[in-house]
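Here is the structure we will look at, set down as structure tokens.
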Amino acid sequence: MSENIEDLKAQLAAAEAAAKVAEAEAARAKAEALRLQLEAKGSSAAEAPAATAEAETQQAEAARATADTLRTQVEAAEAAPAPEAPAAEAPAAQAAPTSSPAPSGELSAFATQIQGAYSWEVPAVTIGTLIDNGARVPGVSAKMPLPMFNRHLLVAGATGTGKTRTLQLLAEGLSANGSSVLLCDVKGDLTGLAEAGTSSEKLLSRTAANGQDWASASFPIELLSLGGADSQFPGVPVRAQISDFGPILLARALSLNTTQEQALQLIFAWADGQGLELIDLPDLRAVISFLASDEGKDELATIGGVSKATAGVILRALTALESQGGGQFFGAPGFDTADLMRMDSTGRGIISLLGVGDISTRPALVSAVIMFLLANLFSTLPEVGDVERPKLVFFFDEAHLLFADATKEFERQVVQTVRLIRSKGVGVVFVTQTPKDIPSDVLAQLGSRIQHGLRASTPDDFKKLKATVQTFPKTSLELDEVLTTLGTGEAVVTVLDPKGNPTPVTPVGIWAPASVMGPASADTVARINQSSVIMGRYRDAVNPDSAEEKLERRTAEAQAAREEAIAQEEAAKEAERAQKEAEKEAERAAKEAEKAAAKEEAARQKEMEKLRRQVEKQQEKEEAARQRAAERRTRQVENVLGSVLRTAGREITRSIFGTRKR
């Protein structure tokens, strides 16, 4: 055995793993023997299994003794003073069991280079064990410094190469070191983080080959659910208010083109200027419908650049988004991203799993939602600069969906956010199939790489392979060959060391996660939700007074005002008609009165004339009577006078003539 302490530790780890395998096998054999004994009720049929169990037990004891011997040697080597010069290589000690072969005491030049490249003393998450010339080299491993998670990471590889388990391993390491994690759980098989893993012969064989001192463990998780389509698991509802989401991300979720995106920005600006809060999709629909209506056409003309046709396209896109579950995501209360950064009572970071349902049916919405959460963190967190460990690491699974058919403005915002958010203590891990899926401006911000195997079966695959190789630092490895021959659970790694320099390209066997590699049981999921400290805050949706209600009131008030104006106009018209009618009636009455007066005057005049004539007649009669009376008097006088005269004349005559009688 080599006197190199690291080699001794590696051999000890391999021996410990082999002992665990042997002990597990012995326990299994004993259980099998007991079962057969119960079935055979003590017959000789159980003697063979019992003998096998005894042999397995002895083998386990031997493996454990080997491990104890190696532990003693390691402790002695660590306690011994360091030699002034390199000591000569000692004879090899007892070899580890064949199920977990121990590495050679002498490292190759490449292994020595890798060992030196990862020899820094800062907290780190171990990724895997070096694979050198097809063999794993326990004791030589690639790891990711915690401070460098803020410089972001790319995890790539073909389907089925083990990316999900790599994410699980990284999440466990981050949580154990006190960093919070947000994982987009596309398949629903990461809830197993909440349950401690169970050992098996296959698992222990793998960990022994890696020199991994594996121990099962569970981790604190929070289940989040993106509303709408059936999620992989129930969880705390994640909602966002439309106004907080913003027009650019919403345009991404609606799959709008650049012109429509700009129109949506104008609509948001108008609503903001009018004091119309956009909380949910009905609010936005109400605003757009108002602007496209006859009542709002004047307002639509004031904001410019938004035609009724464009408004119609956006309204149809909103309907499609609702069918994808957007109606459940957009609303209140909005999710506070500060709830993503929490620790449990032991100081481990909370791992938040976001269930997104069938991402293939709504990729634009899911990618926009995840980008919204990241952008919200960027806008709310204070500047902290470089930190010893990230506050939060954000895992973008299926990252290629984030950029598919994205507008230039959306890509610009993604690049800006990824570039600047590291100063807020947040790291981003993009997970996709090939680096070619990520825009070059974004890829340039990802300082570390974990590249799982690639398949090169078509000319296009070869182009992608060549492009992937070009994204790695220069290396003596035939990287195109290495990438196409990596097995499941193997990857090529290069990370930024604590000084920010890239480590050599390192093929590794990925370490096994400590938790269950698969979905958790329904009971565990129910327990997580029942014990959630934030479920009560977000469980029930609320519908505050916002744009829809305000526009309804405005429309009702406008309708009432129109009706009142119409009523006033009708009243004015009626009053005018009444006035005209009254004037006509007055005129008619005046004419009638005039006619009546004229008639009355005529009658009066006639009567007066009649009376006058009567008076005249009376006067004439009276005059005639007077005349007749005068005439009679005259005649009488004349008669009298005549008589007198006659008498006088006779008297005179008589007197004269003496004829008067005496």
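Sequence positions, counted from 1, serve as the residue numbers for this chain.
When all heavy atoms of V122 and P145 are compared, the closest pair comes out as CG2-CB, 4.0 Å. Here the closest non-hydrogen pair linking P220 and D344 is CG-OD2, 3.5 Å. When all heavy atoms are compared, the tightest approach of P138 to A209 is CG-O, 3.5 Å. Taking all atoms of both residues into account, the shortest heavy-atom contact from L226 to L354 is N-CD1, 4.1 Å. Counting all heavy atoms, side chain and backbone alike, A156 lies closest to K163 at C-CD, 3.6 Å. Closest approach of S423 and E383 over heavy atoms only: OG-OE1, 2.7 Å.
Residue pairs meeting the ring pair (Phe, Tyr, Trp, His ring centres under 6.0 Å) criterion with at least one member in residues 417-441, sequence neighbours excluded, are F396-F430.
Contact annotation: the side chain of F219 never approaches that of P513 to less than 4.5 Å [non-hydrogen atoms, C-beta and beyond]. By the 4.5 Å heavy-atom criterion applied to side chains, M144 and I127 are counted as neighbours. Residues K424 and N150 fail the side-chain proximity criterion, which asks for heavy atoms closer than 4.5 Å. Using a 4.5 Å heavy-atom threshold, the side chains of Q451 and L483 count as touching. In this structure, F233 and L353 have side chains that are in contact, with non-hydrogen atoms separated by less than 4.5 Å. S515 is not listed as a side-chain neighbour of S218, based on a closest heavy-atom distance of 4.5 Å or more. Counting heavy atoms from C-beta outward, V137 and I131 have side chains that stay 4.5 Å or more apart. Taking the side chain as every heavy atom from C-beta outward, V508 and T129 never approach each other to under 4.5 Å.
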Let me see the working for L381 and V426 under side chain to side chain contact (heavy atoms under 4.5 Å, CB included), right down to the final yes or no. CA-CA 9 Å; L381 289 176; V426 177; 3.5 Å; yes

Report the C-alpha distance between R342 and E222 in whole Å, list the side-chain angles of each, state the deciding distance to 0.1 Å, and finish with yes or no for salt bridge (charged side-chain N to carboxylate O under 4.0 Å, His left out). CA-CA 10 Å; R342 295 179 291 125; E222 185 76 62; 2.8 Å; yes

With side-chain hydrogen bond (donor to acceptor under 3.5 Å, both in side chains) as the test, would you mind laying out the steps for D336 and Y538 before giving the verdict? CA-CA 10 Å; D336 186 355; Y538 300 110; 5.0 Å; no

Take S199 and W214 through the test side chain to side chain contact (heavy atoms under 4.5 Å, CB included) and record every step on the way to the result. CA-CA 9 Å; S199 64; W214 184 87; 3.9 Å; yes

Give the C-alpha distance, both sets of side-chain angles, the deciding distance and a yes or no for side chain to side chain contact (heavy atoms under 4.5 Å, CB included) between V414 and V442. CA-CA 8 Å; V414 173; V442 178; 4.2 Å; yes

Passes side-chain hydrogen bond (donor to acceptor under 3.5 Å, both in side chains), Q433 versus T159? Steps please. CA-CA 7 Å; Q433 295 195 2; T159 302; 3.1 Å; yes

Taking it one step at a time, do D339 and R537 satisfy side chain to side chain contact (heavy atoms under 4.5 Å, CB included)? CA-CA 11 Å; D339 288 327; R537 197 182 313 161; 2.7 Å; yes

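Here the side chain of D132 pairs no donor or acceptor atom with the backbone of A135 at under 3.5 angstrom. With hydrogens and angles disregarded, no donor-acceptor distance shorter than 3.5 Å links the side chain of S532 to the backbone of N529. Panel note: side chain T506, backbone P504; a donor-acceptor pair is recorded below 3.5 Å. Between the side chain of T417 and the main chain of Q413, a donor-acceptor pair closer than 3.5 Å is present. Using a distance-only test at 3.5 Å, with no hydrogens or angles considered, no donor-acceptor pair links the side chain of T524 to the main chain of A520. Counting only distance, with no hydrogens or angles, the side chain of W120 and the backbone of K499 share no donor-acceptor pair below 3.5 Å. Under a 3.5 Å cut-off, the side chain of S546 and the backbone N or O of P544 do form a donor-acceptor pair. S179 places no side-chain N or O within 3.5 Å of a backbone atom of S175 that could act as its donor or acceptor partner. Between the N210 side chain and the Q212 main chain, no donor and acceptor come within less than 3.5 Å of each other. The closest donor-acceptor contact from the side chain of Y118 to the backbone of D497 lies at 3.5 Å or more, if one exists at all.
Listed by chain and residue number, nothing satisfies the ring pair (Phe, Tyr, Trp, His ring centres under 6.0 Å) test with F378 (two or more places apart in sequence, or in another chain). The salt bridge (charged side-chain N to carboxylate O under 4.0 Å, His left out) search around R422 returns D386, not counting sequence neighbours.
Note on ring orientation: taking the six-membered ring where Trp is involved, the planes of F372 and F329 are perpendicular (angle over 60°, cut-offs 30° and 60°).
Atom CD1 of I351 and atom CG of L223 lie 11.0 Å apart (nearest 0.5 Å). In this structure, CD on E172 lies 11.5 Å from CG on L167, to the nearest 0.5 angstrom. To the nearest 0.5 Å, atom CG of residue L182 and atom CD1 of residue I370 are 7.5 Å apart. Q445 contributes atom CD, which lies 13.0 Å from atom CG of L154 (distance to the nearest 0.5 angstrom). Note: I510 CD1 to L170 CG = 8.0 Å, rounded to the nearest 0.5 Å. Atom-to-atom distance recorded for E388:CD and N177:CG is 11.0 Å, nearest 0.5 angstrom.
Using modelled atom types, one finds no donor on one side chain facing an acceptor on the other under 3.5 Å when comparing S448 with H152. The closest side-chain donor-acceptor pair between E398 and T432, if any, does not fall under 3.5 angstrom. For the residue pair Q168 and R165, a side-chain donor N or O sits within less than 3.5 Å of a side-chain acceptor on the partner. Side-chain contact, E195 with S521: a donor N or O sits under 3.5 Å from an acceptor N or O.
Atom NZ of K436 has 12 or fewer neighbouring heavy atoms from other residues, nucleotides or ligands inside a 6.0 Å radius.
Screening V369, D244, L224 for a side-chain contact (heavy atoms from CB on, under 4.5 Å) with F335, the sole residue that qualifies is L224.
A cation-pi arrangement is not found for K143 relative to W511, the charged atom failing to lie both closer than 6.0 Å to the ring centre and inside a 45° cone about the ring normal.
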